[in-house]
Amino acid sequence: MVPVVKPTKDRFFRTHESPNWVYPSWILEDKKTGETYIVSEDVGSVLGGLVRAVELYTAIDRQNNVFLIPIPLPGPNGVRNPWHESLLQAVLRAKLVWLRITANKDLGGYDIFEATAKLPEPIWPDTTLDELLAIAFRGRIITNPDHPVVQEKLGGV
């Protein structure tokens, strides 16, 4: 499994240092089922505000579990909200150090906590980003507006 999630507050993680391991995409998060779908740009334009343009950053935790962190792109005004901006800053910092994040509601963003010990460098799996994406979104890739999930969201089912 390759989950598409924000790291939990007790999970130390690193992100891949190469920009080639970041994937821009449109995602649809179904809160009811907890599933995340990747959608084509054409389908994204049909769904409008139900989808988000994101960059998926490849991450790994101390137990060598790989996951993808979705970071929403800036809005039409070119600005990210403070939560998304602080998450991006953590993800960028995690290219260099092991860290964990915790939500700080008073500040409206994430606090970053770096590991105090000198931890070993991550051991990335011998795979490609395309292979990770195929695993992460197995059965959840939407390229057609006739897809049942799209039709449900549009009230067509």
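Position 1 is the first residue of the sequence; numbering continues from there.
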Q: Check the angle between the aromatic planes of W124 and W21 and answer parallel, tilted or perpendicular using the 30° and 60° thresholds.
A: tilted
Please give me the minimum heavy-atom distance between [X] and [Y], naming the atom from each residue.
{"X": "L28", "Y": "V51", "answer": "CB-CG1, 4.0 Å"}
{"X": "F67", "Y": "V5", "answer": "CD1-O, 3.9 Å"}
{"X": "E131", "Y": "T128", "answer": "OE1-N, 2.9 Å"}
{"X": "P145", "Y": "Q151", "answer": "O-NE2, 2.7 Å"}

Q. With a 3.5 Å cut-off and no angle check, do the side chains of T8 and D10 form a donor-acceptor pair?
A. yes
Could you check if a side-chain atom of [X] sits within less than 4.5 angstrom of a side-chain atom of [Y], using non-hydrogen atoms only?
{"X": "Q89", "Y": "R93", "answer": "no"}
{"X": "L119", "Y": "R14", "answer": "no"}
{"X": "Y37", "Y": "L47", "answer": "no"}
{"X": "I112", "Y": "R100", "answer": "no"}
{"X": "H84", "Y": "L87", "answer": "no"}
{"X": "N20", "Y": "L129", "answer": "no"}
{"X": "L88", "Y": "R80", "answer": "yes"}
{"X": "P122", "Y": "W98", "answer": "yes"}

Hydrophobic cluster membership, [X] vs [Y], 4.5 Å side-chain cutoff:
{"X": "L96", "Y": "I71", "value": "yes"}
{"X": "I38", "Y": "L50", "value": "no"}
{"X": "V22", "Y": "L132", "value": "no"}
{"X": "I142", "Y": "V4", "value": "no"}
{"X": "V54", "Y": "I141", "value": "yes"}

**Q.** Under the side chain to side chain contact (heavy atoms under 4.5 Å, CB included) test, residues paired with S86 that sit two or more places apart
**A.** Y110
Q.
Assess the residue pair Y57 and L92 against the criterion (side-chain contact (heavy atoms from CB on, under 4.5 Å)); give the C-alpha distance rounded to whole Å, side-chain angles, the decisive distance to 0.1 Å, and a yes or no.
A. CA-CA 9 Å; Y57 283 81; L92 295 176; 4.3 Å; yes
If you count the non-hydrogen atoms of other residues, nucleotides and ligands that lie under 6.0 Å from [atom1] in [X], is the total more than 12?
{"X": "E41", "atom1": "CD", "answer": "no"}
{"X": "E17", "atom1": "CD", "answer": "no"}
{"X": "N77", "atom1": "CG", "answer": "yes"}

Q) Got a second to check how far L99's CG is from D111's CG, nearest 0.5 Å? A) 12.0 Å
